[in-house]
Amino acid sequence: MNTDEILTLQALKFKQLHTQGHSMPADFVEQLIDQHPEVKAKMRNICAFIDPSLFEKVENLCGILDLSKRQFVEMALLDFVQKAGATIDRFDALPEGK
C-alpha cells in the first residue's frame, strides 16, 4: 500500500468509529437481531427474486467488503430513496402538501 492508500484507510476507519461507534463484524450484528425478538419485531423484511449473476456479484462484494447482505441491501435502498426523493423534489413532482 502506498501512503495515500494508508492515509485513506486510516481516515475512513476513524470516520467509521465516530459515525457508527463500532466496527463489529456483520455476522455479529445479524446474530444480535436474531436473538432479540423485540428488535426483530420492529424490523421489516423485503424479499425479491433477482438474477443469479447479480446475486453472485452481491455475495462476492459482501465478502470483499465484510458486509452482510442485509447491510448491503439497506445501504442500496437508502441511497435510492435519497436520490428518488431529491429527483421528485427537483421536478416538483408531488402534488401540493404531499
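Excluded from the calculations below are hydrogen atoms, water molecules and symmetry mates; all remaining heavy atoms, backbone and side chain alike, are included. Heads up: numbering here begins at 1 and tracks the sequence. Every value quoted in this text rests on a predicted model; they were computed, and no experiment measured them.
The CD atom of Glu30 lies 5.0 Å from the CD1 atom of Ile33; values are rounded to the nearest 0.5 Å. One finds the CG atom of Leu12 at 12.5 Å from the CG atom of Leu17 (value rounded to the nearest 0.5 Å). The structure places CG of Asp51 at 10.0 Å from CD of Glu56, a figure rounded to the nearest 0.5 Å. Separating the CE atom in Met43 from the NE2 atom in His36 is a distance of 13.0 Å, to the nearest 0.5 Å. The distance from the NZ atom of Lys83 to the CD1 atom of Ile88 is 14.5 Å, given to the nearest 0.5 Å. A distance of 9.5 Å separates CD of Glu74 from CD1 of Ile46, quoted to the nearest 0.5 Å.
Here the shortest heavy-atom pairing between Gln35 and Pro37 reads O-CD, 3.4 Å. The heavy-atom pair separating Cys62 from Ser68 by the smallest distance is SG-O, 3.8 Å.
Hydrophobic cluster membership is shared by Phe72 and Phe55, with clusters built from Ile, Leu, Val, Met, Phe, Trp and Tyr side chains linked at under 4.5 angstrom. Leu9 and Ile6 end up in the same hydrophobic cluster when Ile, Leu, Val, Met, Phe, Trp and Tyr side chains are linked at under 4.5 Å.
Counting only distance, with no hydrogens or angles, the side chain of Arg70 and the backbone of Leu67 share no donor-acceptor pair below 3.5 Å. One N or O on the side chain of Glu5 and one on the backbone of Asn2 form a donor-acceptor pair closer than 3.5 Å.
Side-chain contact between Gln71 and Leu65: absent, with no pair of heavy atoms (C-beta onward) separated by less than 4.5 Å.
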